Protein chains: 2
Amino acid sequence: MPIKVSIIEDHKPFRESLIYIFSSTEGFVLGNAFSSIEEAMESMEYCDLILLDINLPGLSGIEGIPLLKNKFPEVKILILTIFEDDDNIFKAILNGADGYILKKTPPLRLIQAIEDAVMGGSPMSPVIAKKTLDLFKKYAPVKEEEDFGLTDRENEILSCLVNGLNNDDISDKLFISIQTVRNHIKHIYEKLHVHSKSQAVIKAIRQGIF
Amino acid sequence: MPIKVSIIEDHKPFRESLIYIFSSTEGFVLGNAFSSIEEAMESMEYCDLILLDINLPGLSGIEGIPLLKNKFPEVKILILTIFEDDDNIFKAILNGADGYILKKTPPLRLIQAIEDAVMGGSPMSPVIAKKTLDLFKKYAPVKEEEDFGLTDRENEILSCLVNGLNNDDISDKLFISIQTVRNHIKHIYEKLHVHSKSQAVIKAIRQGIF
DNA sequence: CGTAAAATGACCTATTTAGGTTATTGAGCT
DNA sequence: AGCTCAATAACCTAAATAGGTCATTTTACG
């Protein structure tokens with residue numbers, strides 16, 4: 001079954017060459033081609049994958065991702081752009097892009113990337129992957145998880161704290177008395193070596209104990 | 001200039017086929033081949049890239065990354081493994097791997113990946129890339145930075161809170177009365193729409209206001 | 001069966017917070 | 001000169017929190 005690829009790209013010559021590729025490559029079928037998110041939202045038909053430019057008139061490609069995903073939940077979205085700055089990469093990922101390929105990618109690699117994305121992978125140009133990893137390192141919890149020896153219940157209560165609940169809320173939520181909540185919290189403080197709710201929450205978040 | 005590739009892989013048949021590939025592919029030269037980190041640390045010579053297995057006798061490949069990087073700062077390390085679980089991916093990235101490729105990758109793709117890595121990219125098998133992005137989304141600050149309109153002083157105090165200080169500490173640190181600290185905190189609560197120190201801290205951390 | 005750990009709950013006190021009001025000073029703007 | 005905002009600081013009350021001891025019940029382990 002051929003892969004049906006649609007294109008959202010406002011630069012006409014580039015759009016035309018993409019159209020050419022997918023009309024003439026075995027295993028692929030051309031879907032629709034648009035030059036803006038707005039047009040695509042109005043008249044796009046079902047397809048397997050959308051090649052999406054970022055710099056578009058009106059809504060940007062990045063803003064378009066959630067809209068397109070909402071209308072076609074199954075479709076894969078592959079960002080195809082010249083931008084390789086952290087901010088665009090970051091936002092594309094968080095908005096749900098399934099891959100991020102640079103326009104300078106040779107056709108063979110582009111074809112591979114599309115196949116990978118349709119198979120459930122997340123192809124990225126190597127430079128993009130590098131920046132993604134760097135961003136990852138920047139935001140990932142720094143240390144490896146220390147084991148504070150919290151019990152299941154204590155973890156449950158700590159997680160409530162991280163969600164911003166106060167003792168009363170937790171008492172209601174877990175159907176235990178507020179005294180018990182306080183008791184658990186005391187034990188959590190001892191084990192985490194902290195002396196306040198804020199500090200416990202900070203330590204939990206930083207250590208990746210959600 | 002050919003790319004010199006060394007191999008650390010304890011499974012002999014697989015090691016042999018890798019050796020065969022790099023002895024016979026144009027543009028590549030075989031460096032050393034070892035079956036453990038310990039051996040490699042002892043007698044490895046300079047090379048451009050190391051193909052590194054994870055499951056090794058003695059030190060694991062992941063543990064070996066920083067050691068190898070320390071001895072050969074310029075070398076690229078490409079993880080080549082059957083493991084595709086979050087934990088290994090996560091640790092490999094944080095330890096400084098330059099790429100992460102699955103053993104089932106066909107030779108052509110492996111060759112491409114090595115070239116990408118040497119060029120400064122971070123090639124990853126699509127499945128790995130997908131998991132990396134999912135991990136990324138999990139740990140990245142969720143929303144885009146809202147502007148809560150905090151003043152400089154309020155931001156300063158919020159940052160103290162995120163560092164776990166209580167009002168007394170802040171009062172001492174900033175040389176202002178505890179009343180003033182409380183006043184600023186009240187304003188912070190109003191602007192962040194929260195009602196406790198924990199919630200303010202949570203919101204600050206999640207929003208990336210450190 | 002006894003012991004240890006975990007979960008539950010209570011009582012006590014001192015301190016900290018939260019949520020108000022009010023006021024003064026200085027900077028910046030019109 | 002008048003206005004607003006930020007920063008400073010004080011006062012008040014009620015509620016929440018921290019830190020401590022003690023006790024009961026259930027569960028898990030040897």
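Note that the coordinates shown come from a computational prediction; the quantities given were computed from them, not determined experimentally. Reminder, nothing fancy here: chain letters follow the sequence lines and each chain counts from 1. Basis for what follows: all heavy atoms, side chains included, without hydrogens, waters or symmetry-related copies.
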Bending between helix ends of the helix from C/dC1-D/dG30 to C/dT30-D/dA1 [5 pairs per end, 10° resolution]: 50°

Considering residues, nucleotides and ligands other than A/D85, do more than 12 of their heavy atoms fall under 6.0 Å from its CG? yes

If you walk 5' to 3' along DNA chain C, what is the first nucleotide with an atom under 4.0 Å of a heavy atom in chain A, and what is the last? C/dA6 to C/dC12

Side chains of A/K197 and A/N167 only: does a donor on one sit below 3.5 Å from an acceptor on the other? yes

Do A/E39 and A/S35 have side-chain N/O donor and acceptor atoms under 3.5 Å apart? yes

Taking N and O atoms by type only, does the side chain of B/R182 place a donor or acceptor under 3.5 Å from a partner on the base of D/dA9? no

Report, one line per pair, each donor and acceptor closer than 3.5 Å where one atom sits in a side chain of residues 73-81 of chain A; sequence neighbours left out.
{"unit_1": "A/T81", "atom_1": "OG1", "unit_2": "A/F83", "atom_2": "N", "d": "3.0"}

Check whether any side-chain N or O of B/T151 sits under 4.0 Å from OP1 or OP2 of D/dA7, and answer yes or no. yes

Under 4.0 Å from OP1 or OP2 of D/dA18: is there any side-chain N or O of A/Y189 that close? yes

Sugar-phosphate atoms are those with a prime plus P, OP1 and OP2; base atoms are the rest. Using that split, label each nucleotide of nucleotides 21-30 of chain D B, S or - for protein heavy atoms under 4.0 Å, 5' to 3'. B---------

Between B/H187 and A/N167, the residue closer to the 5' end of DNA chain D by nearest nucleotide is B/H187

Tell me, do B/S6 and B/M44 make a side-chain contact under 4.5 Å, heavy atoms counted? yes

Heavy atoms within less than 4.0 Å of DNA chain D: which residues of residues 172-180 of chain A have one? Give them sorted by number. none

N-O pairing of [X] and [Y] below 4.0 Å:
| X | Y | result |
| --- | --- | --- |
| B/K130 | A/D98 | no |
| A/K71 | A/E42 | no |
| B/D10 | B/R15 | no |

Show every side-chain hydrogen bond (donor to acceptor under 3.5 Å, both in side chains) that has at least one partner inside residues 168-179 of chain A, sequence neighbours left out. A/S177-A/T180

Do A/K103's NZ or CZ and the ring of A/F14 fall within the cation-pi criteria of under 6.0 Å and 45°? yes

